[in-house]
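Every value quoted in this text rests on a predicted model; they were computed, and no experiment measured them. A note on names: the letters A, B, ... follow the listed sequences, proteins ahead of strands, and every chain is numbered from 1.
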Amino acid sequence: MAQTNVDRRLRVRMAPSPTGPLHIGTARTSLYNYLTARHDGGTFVLRIEDTDVARSTTEFERDIIEGLHWLGISWDEGPQVAGGEDIGQFGPYRQSQRLDRYAAEAQRLLDARLAYRCYCTSDELEAVRHAQERNHEAPRYNGRCRSLTAEERAAFEAAGRRGAIRFEVKPEPVRWDDKVRGEVEFDNALLGDFVIVRADGSPLYNFTAVVDDAAMQIGDVIRGEDHISNTPKQIALYQALGYELPRFAHIPLILNPDRTKMSKRKSQTSIDAYREQGYLPEALVNFLAFLGWSPGTEEEIFSLDELAARFELTKVHKGGAIFDIDRLDHLNGVYIRSLTDEQLALRLRPYLPDAATDETVLRVVPLVRERLVRLGDIGDLVAFLFETDATIASWYDGELLLPKKRDAADVASALTVVRDDLEHLTDADWSSDVLDSRCRALAER
RNA sequence: GCCCCCAUCGUCUAGAGGCCUAGGACGCCACCCUUUCAAGGUGGAGAUCAGGGGUUCGAAUCCCCUUGGGGGCACCA
């Protein structure tokens, strides 16, 4: 493994877990990593953390990769896609393909007596936890298997138990200089020995992240604030394994309106959902970038490249930011209005019936541009004009939408009335007689 | 319960001791433009900088406490 001329100070990484569709928070963290790399001329690595076999799927992995691409976020090193090969000299970039490395490192820890086999069952562990809770103690592993004799271990193994591997935490204070938070200190004496490899042999997050970040020469670990309490554990692991420590930066969380961590239950968290509604990636990126960062000026419209030129980790806030959909809507409108007719027509295409000709779409664009908040809103505005129903098509298309004698303002006006009118329609109103008369009346206005 | 973190208009934020009687944007309210709705323009309401102590000639900015909020405490990531 010849790894030459790698400046780890300029290497950052995003390590999503494919256990769900691309999440807003993952997208924002990816963006901050990407911007940091681009700003400093560094390298951005994508690594797939799929060690949780039960929850990880290739569909989610594809969704995440596609979502990042859609946002315009690209990486310099990452897993192979579509039958290609891994890109980069530190691959493979999928943790499920690096199992031998974790096993080797775990063995190294075992041999050095910095980790040990634990044969406790989940029931036993739970019982201990409950007892600790009753005594108002911090729930943590009590170290029962820490000093098992060879005989005791053999007995467990003979009984068919395959122990998990626990890392022995040294009870000492750990501190690091966080790029966004400054000095952070934590007393590892409060920690229990934690599991790094399950009884079934599969490695766990805190362990794999450290092994890989070190192997991939990551110099700056930029991740969400929810990982801040993993950091002391990981630092201990870095030290035990003899790796050079990276720098850490914990960025603020994106919040629900009630200021709790943004969640699926309370907010729309999947990038796909925003994409489907017709938010432009440019708008989403611009919006996301400002959730926890600002250039320090009053400018607020930035392209990805402009963001990369201005972005600095040191200007990232410590406090979380509420995801304000009104603001996203506003930004989206700004970006929609900045598009040329042709560009907007192209983007609108997926939201209109196939029956609509390119020419028709192009003619609709100037009429709707000023009032489109999301591309998907085009459906509410004019999609019905292209229904196959002959009556609707002829009336709206011929008399209303594209009238020979009327100008664009007239048409826009009519469209709005039609839209408002439609909101009050009941199912019974959808007979062609009723529609016909409505259309006739509207056309005469 | 234990540990860690955070704190400027409703929201996103500017602010790194005097430029702040706290600026911008979103949202909201008026008015203008407009046959309507938008878009655009102009103006307005909206934060005693969570509260209390210090430090200093001077604090939103530094320190401490309180309060409030959040995150984490898995053989998830």
If you measure from the [atom1] atom in [N] to the same atom in [M], how many Å do you get, rounded?
N	M	atom1	result
B/G54	B/G23	C1'	29 Å
B/C49	B/G10	P	12 Å
B/A50	B/C3	C1'	24 Å
B/U61	B/U48	P	15 Å
B/C19	B/C2	P	43 Å
B/A45	B/A38	P	24 Å
B/C33	B/G17	P	48 Å
B/A60	B/A22	C1'	8 Å

Side chain of [X] only, heavy atoms from C-beta on: which candidate in [options] is closest?
X	options	value
A/Tyr205	B/C75, B/G72, B/A77	B/A77
A/Phe186	B/C3, B/U11, B/A38	B/C3
A/Arg181	B/C5, B/C75, B/G71	B/C5
A/His317	B/A39, B/C75, B/U13	B/U13
A/Thr260	B/C6, B/G70, B/G27	B/G70
A/Phe290	B/A38, B/G24, B/C12	B/C12
A/Ser17	B/C75, B/A77, B/G71	B/A77
A/Leu204	B/C6, B/C75, B/G24	B/C75
A/Val184	B/G24, B/C4, B/C6	B/C4
A/Asn230	B/A25, B/A77, B/C76	B/A77

Side chains of [X] and [Y]: closer than 4.5 Å at any heavy-atom pair?
X	Y	value
A/Asp329	A/Arg374	yes
A/Gln80	A/Arg94	yes
A/Glu105	A/Leu241	yes
A/Asn188	A/Pro173	no

Identified pairing partner of [N], criterion: Watson-Crick or G-U wobble below 3.5 Å:
N	value
B/A30	B/U42
B/A22	none
B/U36	none
B/A7	B/U67

Would you say [N] has OP1 or OP2 under 4.0 Å from some side-chain N or O of [X]?
X	N	value
A/His330	B/U11	no
A/Thr19	B/C76	no
A/Lys261	B/G72	yes
A/Arg259	B/A7	no

Calculate the interatomic distance between [X] atom [atom1] and [N] atom [atom2]; express it in whole Å.
X	N	atom1	atom2	answer
A/Leu255	B/G10	CG	P	16 Å
A/Met262	B/U11	CE	C1'	14 Å
A/Ile196	B/A77	CD1	P	13 Å
A/Ile24	B/C12	CD1	C1'	15 Å
A/Asn206	B/C73	CG	C1'	12 Å
A/Asp226	B/C76	CG	P	17 Å
A/Glu225	B/C3	CD	C1'	14 Å
A/Gln234	B/C73	CD	P	12 Å

Could you check whether [X] gets within reach of a base, just the sugar-phosphate, or nothing at all, counting any heavy atom under 4.0 Å?
X	result
A/Leu125	base
A/Ser294	sugar-phosphate
A/Arg134	nothing
A/Gln132	nothing
A/Gly292	sugar-phosphate
A/Ser202	nothing

**Message:** For a quick check, tell me whether the side chain of A/Arg369 and the base of B/A38 share a donor-acceptor pair closer than 3.5 Å.
**Reply:**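 For A/Arg369, whose side chain was compared with the base of B/A38, there is no donor-acceptor pair (under 3.5 Å).
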- Can you measure from CD1 (A/Ile325) to CZ (A/Phe287) and round to the nearest 0.5 angstrom?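 It is 6.5 Å, given to the nearest 0.5 Å.
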Separation between OG of A/Ser338 and CD of A/Gln343, rounded to the nearest 0.5 Å:
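So the OG of A/Ser338 and the CD of A/Gln343 are separated by 7.5 Å.
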Point to revise | Nearest non-hydrogen partners of A/Tyr279 and A/Trp70, listed with the distance | key: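 Shortest heavy-atom separation between A/Tyr279 and A/Trp70 comes out as O-CZ2, 3.3 Å.
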TODO: Could you pick out which residue, A/Arg140 or A/Leu291, lies toward the 5' side of RNA chain B when each is mapped onto its nearest nucleotide?
DONE: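 On the 5' side of the pair lies A/Leu291.
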Check your understanding: For RNA chain B, whose closest nucleotide is more 5', that of A/Ala321 or that of A/Arg129?
Key ->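 Comparing both residues, the 5'-ward one is A/Ala321.
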Report yes or no: is the ring centroid of A/His227 under 5.5 Å from the six-membered base ring centroid of B/G71, with the two planes under 30 degrees?
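Base of B/G71: not stacked against A/His227.
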A/Arg108 and A/Asp111: salt bridge (Lys or Arg N to Asp or Glu O under 4.0 Å), yes or no, with the steps? CA-CA 5 Å; A/Arg108 207 152 65 78; A/Asp111 292 343; over 6 Å; no
Charged N to carboxylate O under 4.0 angstrom, A/Glu225 versus A/Arg181?
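A salt bridge is present here (some side-chain N lies under 4.0 Å from a carboxylate O).
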